[in-house]
Amino acid sequence: MKVAKVIVDVPTSQTNHTFDYIIPADYEEFAQKGMRVSVPFGPRKVMGFIVDITNDSDFDQLKPIDQMMDITPVLTEELIQVGIWLAEQTVSFYIQAFQAMLPQVLKAKYKKEIEALTDVELSPQIQQLLDGRAVMDFEEFEQRKGNYQALLKEIKAGHVKMNYKVQSKETKKRLVFIEPNVEPYLIEEALVDMKSNAKKQRAILEYFITHPEPIEQRLLMEKLNTTTSTVKSLIQKHLLRKKEQLVYRNPYDDDAIQPTSPLPLSTQQQQAIEPVNEAVDRENHHVFLLHGVTGSGKTEVYLQAIEKVLMKGQEAIVLVPEIALTPQMVHRFKGRFGSDVAALHSALSPGEKFDEWTKIHNNEVKVVVGARSAIFAPFENIGIIIIDEEHETSYKQDEQPRYHAREVAKKRAEFHQCPVILGSATPLLESYARAQRGVYQLLEMPERMNDVPMPPVELVDLRDELHAGNRTMFSRKLLDEIRDRIQRNEQIVLFLNRRGYSTFVMCRECGDVMKCPNCDIALTYHKSHHQLKCHYCDYHIAMVSECQACGSDTIRYFGTGTQKVEESLKEVLPEAGIIRMDVDTTRRKGAHEKLLDRFGQKKADILLGTQMIAKGLDFENVTLVGVLAVDAMLHIPDFRSAEKTFQLLTQVSGRAGRHQLPGKVIIQTYSPEHYSIQLASQYDYQSFFQQEMQTRKAFHYPPYYFLSLLTVSHPNQVKVMEVTKMIRKLLGKHLSDQATILGPTPSPIVRINNRYRYQCMIKYRHEPNQRMIIRKILQHYHEEIQQHDLRIQVDFEPYQLM
DNA sequence: CCAAATTTACTA
DNA sequence: AGTAAATTTGGT
């Protein structure tokens, strides 16, 4: 007898273990680890993953697997192990880890239906409700206000039964082709017999006489300007027939991509790639930190390292931050490796994601370029893993399982015995520190390609502007330079750092700030809909004209939004053409690219935007980059704020003067003396690293200490404080003396969606038992979590301290 | 004393 | 999570 060990799709701590099921004799041959199954679980059926197959079980009342949901495993044995490891590392449930590794559409969909077993003895009200049908969706039954008690009685009496169904959501895209169903001469005969008023039908038949090969129905209709019904009637006459073909949804126009060939490497690129190639050859799972300034040609190094891996018959994973994963980026890889590339990112529809995943699953591609979750690409012979812009926060998932793609990459690289490259112009402090200690191997590329120097950075002290009576958000210097570029027909990128800023609404009479009733945060004014919105829940109201507290009409907006900047820019520079890029103007699909295209075609002088324009922009005509105010980011209560500011400024500066024309960067700030701004303006990563390390050491922050963040939330503030206090006590009792526990402190946003939030932070260097202790604490509160709406969130090495 | 509401136990 | 069984509640 074969027994499958199954992780079921029920995310609770009581079911976070395998359940044994008999593999029915018919399935015994082909049931494998990593397949999805539907299994009976209590009175219903649920989806599950087979994680192991054994010959017997300690349990003696086994039920058989209901159904296999896959014909080939969706998880490799390696990925099953990675999933188990991931769940343990992040204190998540196994099922959550497995779900996170697969495309959305492979999640189960559950359906209940009622089936009448007899049509006589049913109670009148049920009979009437079923309307003579033998089966009905339970959802429909509820919609029709069916009596559940009466239904239960019928089920007990055995007249009706409830069917539980597990379905997979995946779909395949099919194209419908039309082709002749008979010999050509028969079509000609039919044409003769065809009534003369059937013009459209005639046209179609005539078409097939000259073009007997199959044609896509959509195309045929387009060509002959007809509709499906005409085609249908010809099919009914058996003259034509339908043929369906499975195709991949293709979000990229592959034909439009220009193939490229390897470029000659510069000396520094050569020096960087050599140790990587050696690691590929020797199958070493070394981690390389490629520290290369913007424009040093990191991508070419990646491309050629991958080429080597492909020649060995192995596969490559390339991770790119979500915002940098533009079509241009994908084109670069497709240009070099053609149809060997799959791309996975959030702009794809669920169906498109599934198709890209299927290509990997079917071994039809060798390279995957994608955002965070692409680290789980089901390759079986990985030769290299590359993480570009490794310092980016988007590599950390901010929901369960809270994993960091870098850690998964290292885990997989160890299994596959292959190198990992972490690439960045501004490596995360943790990474650079590891490189210095020799944990990672450091590869430096300090020079830009073609000797283009980094553009000079000028700091403008906004306090001086204020003293000089300039109350606008543009310094005189910046305006001069902008005018100069417009006159020379060159382009400008203006960057507004939104983080930390918001456009809140305040009454000037009584100082009342409009707040969200559910969350402890000010409402943000959105001009496009003339609404006040909460960024943490979906609360929104129409903009008010009077103060809610005192009734005065002296309501004013504070803060700086891109819309407001655009307006005042238009006032000072009426002649300038401006393209604004923010959440509002880029919401529609493809809008992002369209705006950038327009800017690239010089249809505007100024590109004004938020975070999203800091990455990957490369326009040869941009010679001036302005940062309007960087201070908000500096003052975010986060120990990484200096580092984030440094990264951002370096990133933004790299957008100017990338080609022939020399560039310039102007940074407006109220604190020009701050070291992260000073050192960023000098492009001095080394000094920044040294200085920031001292701060981190002094305040016991990473990389000197590890952090873990526990956030407790509940509708009742007293309850939250009590629980958090208790958790702190428990942690203090069980963790070692070296660990520091901070808290309970209210989270930066104390209330979200009517839930109060308090947190505890653990700073430690070595706590091997930490996860076990936290698991025990979670177990201790298990009951309250399940029944009393208590939530305890655990985040190891958090990126967001919110 | 019964039925409804709430809590608890369990899924192989 | 979702269900059935067990226990408490609360109204007569």
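Below, read A as the first sequence line, B as the second, and so on, with proteins coming before strands; counting in each chain starts at 1.
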Worksheet item: Should the pair A:F49 and A:F98 be assigned to parallel (<30°), tilted (30 to 60°) or perpendicular (>60°) ring geometry?
Response: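 Correct class here is tilted.
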Practice prompt. Quick one: sort the A:F30 and A:Y27 rings into parallel, tilted or perpendicular, breaks at 30° and 60°.
Written response: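 Perpendicular: the ring planes of A:F30 and A:Y27 meet at over 60°.
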Tell me the interatomic distance from [X], atom [atom1], to [N], atom [atom2], rounded to whole angstroms.
{"X": "A:F41", "N": "B:dT11", "atom1": "CZ", "atom2": "C1'", "answer": "4 Å"}
{"X": "A:I785", "N": "B:dT7", "atom1": "CD1", "atom2": "C1'", "answer": "17 Å"}
{"X": "A:H17", "N": "B:dC10", "atom1": "NE2", "atom2": "P", "answer": "12 Å"}
{"X": "A:F59", "N": "B:dC10", "atom1": "CZ", "atom2": "C1'", "answer": "10 Å"}
{"X": "A:Q787", "N": "B:dT6", "atom1": "CD", "atom2": "C1'", "answer": "10 Å"}
{"X": "A:Y164", "N": "B:dT11", "atom1": "OH", "atom2": "C1'", "answer": "13 Å"}
{"X": "A:L62", "N": "B:dT11", "atom1": "CG", "atom2": "P", "answer": "12 Å"}
{"X": "A:I7", "N": "C:dA1", "atom1": "CD1", "atom2": "C1'", "answer": "16 Å"}

Discussion item. Side chain of A:Q14, heavy atoms from C-beta onward: which of B:dC10, B:dA12, C:dT3 has the nearest atom to it?
Written reply: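 So the nucleotide nearest the side chain must be B:dC10.
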Worksheet item: In a check of side-chain hydrogen bond (donor to acceptor under 3.5 Å, both in side chains) between A:E784 and each of A:H714, A:K719, A:R791, which one passes?
Response: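 It is A:K719; the other options fail the test.
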Discussion item. Hydrogens and angles aside, do A:Y758 and A:Q717 bring a side-chain donor and acceptor to less than 3.5 Å of each other?
Written reply: yes
Contact class for [X] (heavy atom, under 4.0 Å): base, sugar-phosphate, or nothing?
{"X": "A:F93", "result": "nothing"}
{"X": "A:K112", "result": "sugar-phosphate"}
{"X": "A:Y21", "result": "sugar-phosphate"}

Fill in: Validation row: A:M162, A:I114 side chains within 4.5 angstrom (heavy atoms)
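Yes, at least one pair of side-chain atoms sits under 4.5 Å.
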Discussion item. Whether A:K45 contacts C:dT3 is assessed here as follows: a side-chain N or O lying under 4.0 Å from the phosphate OP1 or OP2. Is that the case?
Written reply: no
Worksheet item: Hey, is A:F19 doing a stacking thing with B:dA12, by the 5.5 Å centroid and 30° angle criteria?
Response: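 No; by the centre-distance and plane-angle rule, A:F19 does not count as stacking on B:dA12.
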